Every structure is written in structure tokens, then in C-alpha cells.
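Step one of this worksheet: look at the structure below.
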Number of protein chains: 2
Amino acid sequence: MGQLKVLKTKEQVTCLECSARRYAWFKPCSKETLALHQERRTSQSHLAVGEYLFMEGEKPRAVYTLQDGWVICFKSLANGQRQILHIGLAGDFLGYRVNFDEPIDYSIMAITDCTICAFSEQSIDRLLQEDIQLTKRLFEIHSEASKVCRTNLSYVGQSTAKLKVAFFLNKMLHRLKERGADINNPVYFPLTREEIADAIGITSVHLCRISVELRRSKIVDCRHNRLEILDYKKLGTLASAVF
Amino acid sequence: MGQLKVLKTKEQVTCLECSARRYAWFKPCSKETLALHQERRTSQSHLAVGEYLFMEGEKPRAVYTLQDGWVICFKSLANGQRQILHIGLAGDFLGYRVNFDEPIDYSIMAITDCTICAFSEQSIDRLLQEDIQLTKRLFEIHSEASKVCRTNLSYVGQSTAKLKVAFFLNKMLHRLKERGADINNPVYFPLTREEIADAIGITSVHLCRISVELRRSKIVDCRHNRLEILDYKKLGTLASAVF
DNA sequence: AATACTCCTTAACAAATGTTAAAACTCACG
DNA sequence: CGTGAGTTTTAACATTTGTTAAGGAGTATT
């Protein structure tokens, strides 16, 4: 777990034909912008499980689109704990910040094999100058991410372990559904107990207790890289006890 | 607690002469921008303790600068809890979002009497068109706020009550220091146990235990609207056990 | 099918945090 | 300077969550 970043170039796919386009951040972009975007693309590469896209404190001079795979964005604390801030799914825009001279405040690691497109600092700057709509779109993405972070802070700070799990899984399910997953059947779900626990601020052992409870009460079954809803309504009720 | 918003107009002060300018978000703005900013200002008003600037779910058609006083920004949960997201101090930029058509996802309430400047949606839009630097500045502010939110999520999710308190108070002290407070003496600190507890995700009774402990071990003394550091170094050590 | 590896589960116990209620304290106001 | 409202503290107890360690189940590899 946790090698240095290794980006190997892969066969190229156009942005227009990108498998992630229909749910990606650049979905609303015009064909013209898309063409520009593609022209500016620095590389399209591969990241294996456990490899880092970048680490907290680095100054990656690029931003990324996750074309395929799962990543975790997380902060490491001085006490050895980590807080997972975001589960990156296909189509997510990763690593953007206003000031590239400042070190980034979180790390990104692949938890499955990933295909990632990179855009250099310069190419993004030019892109933004050429398309004012894109600036707005970027601001929107940033704004949406802030909102999600506020929501996460709220439920992590103010609810019980059981509600945290329900809310987290429910949110993940909706994100997967948006990406075309069939929620009525078991879906691929490569998060371990450890990772879910670190995302919601409990220990993996305690998460395990709750997972078993949720399974036994026939609400969700989540283990071994798969997630299955057993009672969509009950899960929703639990999740909406938070918001 | 918690009346409807009441904005009463007050004697006007120019942005250039604003008491909050030296630590406000618009500090780095040029005189020209400042003049524009001031020209666009919709109103300068007063908010009494317990009054709301806006409530979650509303669509306030303005953004605000807190000239003087303290506010809390918070989300209310379905289970009756609230998560305080941010303690607003003089100079803070409040309520900004990209899309004014969407309801806002948190509330702002005054916890002391406040003086607040409002800028209408239209005036902000025009301002941004007229000064591209301001757009960048706004993006920076937004970006900084996201970063703070990530930090908050991390320590709320991953540390013990004692470390949370130390980290929170330490952070507040630094913010007050930036605003000219003399940290070597007791400073005005109008947060109640309830409010601090809701900011760091513990109960007020438990917070009380820890406050007493921190006072007895001569680290900080925080109660009755005042905050006094007893041992700056020890507080720093505790706080840096988090990051 | 045996092996090794990782991940998940269980259990017993410890520690941290929440709950409730009452008492003590502080401060503003009359 | 006494009163009362709001805030802080204390205490006893309940509950949730963390810790440690061991065993079980799943998965990939031989």
C-alpha cells in the first residue's frame, strides 16, 4: 500500500468519446470547449491500487479527471489517524485549487486500478482564459464540493454510528446510480471496513458491528467488494434521520 | 432566540475607512476596486443577538460582509442537532455562492450585536464583471473556506474531545490575534458551552468537563464571555497533536 | 484442493462520551 | 445590593464507542 505515484501512458480516448462523459464534471460543456479541453490534455495514464496520485504537502502542477476507477481523498492527522474526505468515482474532477504554488492539503490514492487524465497548470489556465463558461463551471464544482464537505462535517459531528453508516451508504448508492449502476442488484463496492470507518469517523470494529446489524435487519448488505440494498425504503428512512 | 431577520439601516462608513478593512477579505483590493465595491453596496445594517441574517433553505439575494460582531453559521439536522460550521468574525465574507437561485444550505445567526454590509446579487455580478481580480479573490476565499471545512471534518471525525477543544480554541485565538486582539490578556469570547460543543461535535456537559480540566491544568480558561490563555505552549502542543 | 493473504466478525473488556438533574455561579437589571 | 435569568459545574448513571486479540470467511494463487 502506498507507493510513489507512477503514471504510465495508456491508449488515448477523446474527451467526446470518454466513457465518463455522461456523468463527468465536463458533461455540460459544449463541443468546442470539449475540443479545447482535449487539446490541452497533458496525459492519460494508469494508476494501480495503492498508488498515490499525489500526497498531502506536494505541489502537483496539474489537475485530473478520473476516467475510470475509485480513489480516496484523505487527510492524515498527527495522531496517526486519517479522515477520508471524498470517495472519487469515474468523472470526478480531482486536485483543483486556485493557487498552484501552495502545497495541497490532502492526498489521493487509488483503491482500484484507475485511468486518469491530467491537465497541466498552464493548460488549465489557458483553458479558463479561452472559455469563461468553464471558469464558472469550475466555480460551481468547487462550490458543490464545499457544500458536500459541510454536509459531511454535520453528520460526522452530530449523528450516531448507525446513522452515519446509513447516510454514507445511501449517498454512495445515489452516486453510483447516477453513474448508471443498477441499484436493485448487488453493485461493485471496493471499500473496506477500514475505509468506510475512516470516512465517517468511527473505528472499523464498530463499523463491523453496525454492518452486521444492518444486514441482519435486512436493510443493506455491504462486504467483500459488493453492496446490496435489501430495503431501499428503510435505508432512506435511516439516512433521512440525519437530513 | 431566533427571530426573523431584521435589518435596520445604520450610519454609513466607507469601505476605505471600514474598521474591519485591515483584516477583511477585501484587504488586498485596490482603492479602485474598493470604490466600486462601496458604490455597489446595498445597505449597511444592524443585527441584534439571536436574529438571523438568513435561514437554511432561503434564497438570500445578497452577500454580506460582517463589519463588526460575531455570528454563527450552522446546519440543522433532522434529529434536532445542529452543526456549527463557522464562527463569523469581523471582516468575514458571508453567504456567497455561485448560484443565487439555489436555496442556501446553512443558517447565519448573530450571537452578539452585529453591523453587516449587504451587496445585492446584481451588484456583485456587476462588480465581478468590472474587476477580474475580484473574481479571483472570491475564488480564493471560497477555496480557503473549503480547506478549513476539510480541516474541521478531519479533527471532528478523528480526534478526542480534549484535542478537539484545544484545536478549536487555538484556532479561534489565532483568528482573534489576526484581528488585533491581545492574546496575552483575557479576550472577549462570547461563545457559550453549547455553541463550542456544537462546533466540535460533543455535548455541552462533556465540553464542560474538559474545560474544567484545561483550566485546572493551567492551559486555558474559557467561560463567561472571556478566553484567557494560561499556557500558550501547552495549548499549542495539544492542538498540534491533531495536525 | 491446499496455501496464503486479506478482510470480516466476534467477544470481553476498557474508556470515552451522553443523559439527566440539581446545585453553584455570574451578570445584568431593577 | 438583591433578584432572577442564563450559564457553568458537578454528580451519578447509562450508553456508545474504542481496544485488543483471536477466529472465520472469502479470494487469489499454486
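So that the names make sense, note that chain A is the first sequence line, chain B the second, and so on, each numbered from 1. Since the model is a prediction, treat every value here as computed from it, not as a measurement.
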When the distance from [atom1] of [X] to [atom2] of [N] is rounded to whole Å, what number comes out?
X: B:Gln81; N: C:dT17; atom1: CD; atom2: C1'; result: 13 Å
X: A:Ile200; N: D:dG18; atom1: CD1; atom2: C1'; result: 14 Å
X: B:Asp221; N: C:dT26; atom1: CG; atom2: P; result: 11 Å
X: A:Arg215; N: C:dT10; atom1: CZ; atom2: P; result: 7 Å
X: A:Asn225; N: D:dA28; atom1: CG; atom2: P; result: 9 Å
X: B:Ile202; N: C:dG18; atom1: CD1; atom2: P; result: 7 Å
X: A:His224; N: C:dC5; atom1: NE2; atom2: C1'; result: 13 Å
X: A:Leu163; N: D:dT16; atom1: CG; atom2: C1'; result: 13 Å

side-chain contact (heavy atoms from CB on, under 4.5 Å) between A:Val165 and A:Ile200, worked out: CA-CA 7 Å; A:Val165 176; A:Ile200 66 182; 3.6 Å; yes
Between the main-chain N or O of B:Ile116 and the side-chain N or O of B:Gln67, is there a donor-acceptor pair closer than 3.5 Å?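 Flag not set: sc B:Gln67 to bb B:Ile116 has no pair under 3.5 Å.
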Looking at A:Cys222, is its backbone amide N or carbonyl O close enough to the side chain of A:Arg226 to form a donor-acceptor pair, meaning the two atoms are under 3.5 Å apart?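 Flag not set: sc A:Arg226 to bb A:Cys222 has no pair under 3.5 Å.
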Per A:Thr203 side chain, nearest of listed nucleotides D:dT8, D:dT19, C:dT9: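 From the listed options, D:dT19 comes nearest.
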Using the side-chain heavy atoms of B:Ser211, tell me which of these nucleotides is nearest: D:dT17, D:dT9, D:dT8.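 Of D:dT17, D:dT9, D:dT8, D:dT9 is nearest to the side chain of B:Ser211.
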Does a side-chain N or O from [X] land closer than 4.0 Å to OP1 or OP2 of [N], or not?
X: A:Arg226; N: D:dT27; value: no
X: B:Arg209; N: D:dA12; value: no
X: A:Arg193; N: C:dT9; value: yes

Closer than 4.0 angstrom, basic N to acidic O: yes or no for A:Arg215 and A:Asp221?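 Here A:Arg215 pairs with A:Asp221 in a salt bridge, since their nearest N and O are under 4.0 Å apart.
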Salt bridge flag under 4.0 Å for residues B:Lys75 and B:Asp198: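 Salt bridge: no.
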Under 4.0 Å, counting only non-hydrogen atoms across every strand here, what does B:Thr160 touch: a base, just sugar-phosphate, or nothing?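 It contacts sugar-phosphate atoms only.
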Which sits closer to the 5' end of DNA chain C, A:Val212 or B:Arg223, going by the nucleotide each is nearest to?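 By nearest-heavy-atom nucleotide position, the 5'-most residue is A:Val212.
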On DNA chain D, does the nearest nucleotide to A:Ala161 precede the nearest nucleotide to A:Val205 from the 5' side, or the other way round? Give the residue.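 With A:Ala161 and A:Val205 compared, the 5'-side residue is A:Ala161.
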